[in-house]
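Residue indices begin at 1 and follow the sequence shown. Only heavy atoms go into these numbers, but all of them, side chains included; no hydrogens, no water, no symmetry mates.
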Amino acid sequence: MTAFHAQEVCMTTDGFTTCLWFDGQAEEAAHHYVSIFKNSSIGNIGRYNEAGPGPAGSVLAVEFTANGQKFVGINGGPQFTFSEAVSFQIYCADQEEVDHYWTRLTENGGEPGPCGWLKDKYGLSWQVIPDGLIEMISDPDPEKANRTTKAMYAMSKLDVAALKKAHDGA
């Protein structure tokens with residue numbers, strides 16, 4: 001069995017690995033994400049050899065785990081970039097977690113977006129969602145759901161207390 005085939009067999013029994021395409025920043029991004037999330041680590045780092053197409057010795061791909069999820073970052077070049085069509089959701093227990101992830105993912109060039117969305121410095125989109133938000137915006141009481149949704153639409157980083165206040169009509 002080849003090493004590739006062994007990896008392929010492992011992947012089919014262990015779920016999916018998300019592959020992220022970078023323009024020369026795969027290793028930097030992997031270290032960045034590993035520094036933000038618990039249960040994270042850097043795995044194998046593959047390098048270009050003399051056959052190219054990248055400079056020999058430069059990083060081709062890096063395996064990493066962030067928050068228990070498997071990823072591979074590839075230095076594929078500038079041909080493809082991230083868009084909001086794909087994002088990662090981070091469910092947070094409280095405002096402290098919302099603040100932590102929001103701050104860490106928008107630092108050094110990240111961009112806040114509407115309704116709890118943001119782009120990190122690599123252009124990858126994230127949704128930072130506090131515990132209870134989905135229940136509040138889908139409350140069977142339409143007035144509570146509408147107040148919460150309206151409050152959420154007015155926010156960039158989500159404010160747990162303000163969302164609860166809107167939901168309660170206070």
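- Judged purely by atom type and a 3.5 angstrom limit, Thr148 has no side-chain atom pairing as donor or acceptor with the backbone of Asn146.
- Checked by atom type and distance alone, the side chain of Ser125 never pairs as donor or acceptor with a backbone atom of Lys119 at under 3.5 Å.
- Residues Phe37 and Ile42 fall within the same hydrophobic cluster, defined by Ile, Leu, Val, Met, Phe, Trp and Tyr side chains chained together at heavy-atom separations under 4.5 Å.
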For this session: Begin with the C-alpha distance, continue with both residues' side-chain angles, and end with the deciding distance and a verdict on side-chain contact (heavy atoms from CB on, under 4.5 Å) for Lys70 and Glu63.
Result: CA-CA 8 Å; Lys70 297 180 295 184; Glu63 297 175 337; over 6 Å; no
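- When all heavy atoms are compared, the tightest approach of Ser35 to Arg104 is OG-NH2, 2.9 Å.
- Summarising the geometry of Tyr91 relative to Gln89, their closest heavy-atom pair is OH-OE1, 2.9 Å, with the distance given to 0.1 Å.
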For this session: Assess whether side-chain contact (heavy atoms from CB on, under 4.5 Å) is satisfied between Leu105 and Ile90, documenting all intermediate values.
Result: CA-CA 11 Å; Leu105 289 167; Ile90 306 169; 3.6 Å; yes
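- Here the straight-line distance linking atom CG of Leu163 with atom NZ of Lys165 works out to 12.0 Å at 0.5 Å rounding.
- Closest approach of Asp139 to Ala145, counting heavy atoms only: O-CB, 3.7 Å.
- Cluster annotation: Tyr101 and Leu133 are assigned to distinct hydrophobic clusters (Ile/Leu/Val/Met/Phe/Trp/Tyr, side-chain heavy-atom contacts under 4.5 Å, transitive).
- Tyr122 is connected to Trp102 through a chain of hydrophobic side-chain contacts under 4.5 Å among Ile, Leu, Val, Met, Phe, Trp and Tyr, so both are in one cluster.
- Of the candidates Leu124, Val86, Val62, Leu20 forms a side chain to side chain contact (heavy atoms under 4.5 Å, CB included) with just one, namely Leu124.
- Through chains of ILVMFWY side-chain contacts below 4.5 Å, Trp21 is grouped with Phe80.
- Between Ala151 and Ala166, the closest heavy-atom pair is CB-CB, 3.7 Å.
- Here the straight-line distance linking atom CZ of Phe16 with atom OG1 of Thr18 works out to 9.0 Å at 0.5 Å rounding.
- The residues Lys157 and Asp99 are annotated as salt-bridged, a charged nitrogen and a carboxylate oxygen being separated by less than 4.0 angstrom.
- With hydrogens and angles ignored, the 3.5 Å screen pairs a side-chain donor or acceptor of Gln95 with a backbone N or O of Leu158.
- Here Glu107 contributes atom CD and His32 contributes atom NE2; the two are 5.5 Å apart, rounded to the nearest 0.5 Å.
- Residues Met152 and Trp117 do not share a hydrophobic cluster, clusters being chains of Ile/Leu/Val/Met/Phe/Trp/Tyr side chains in contact below 4.5 Å.
- Under a 4.5 Å side-chain heavy-atom criterion applied to ILVMFWY residues, the cluster that includes Tyr48 comprises Leu60 as well.
- Aromatic ring centroids of Phe88 and Tyr33 lie 6.0 Å or more apart.
- Counting non-hydrogen atoms of other residues, nucleotides and ligands closer than 6.0 Å to CD of Gln79 gives a total above 12.
- Side-chain atoms of Asp131 do not come within 3.5 Å of backbone N or O of Ala93 as any donor-acceptor pair.
- In the model, Ser87 has a side-chain atom that pairs as donor or acceptor with a side-chain atom of Gln127 under 3.5 Å.
- Side-chain heavy atoms closer than 4.5 Å link hydrophobic residues (I, L, V, M, F, W, Y) into clusters, and following such links, even through other members, never connects Ile129 to Leu118.
- Val59 and Asn75 get closest at one heavy-atom pair: O-ND2, 2.8 Å.
- Among all heavy-atom pairs drawn from His100 and Ile36, the shortest one is NE2-O, 3.3 Å.
- Phe64 contributes atom CZ, which lies 11.0 Å from atom CD of Gln69 (distance to the nearest 0.5 angstrom).
- No side-chain donor-acceptor contact under 3.5 Å links Thr106 to the backbone of Glu111.
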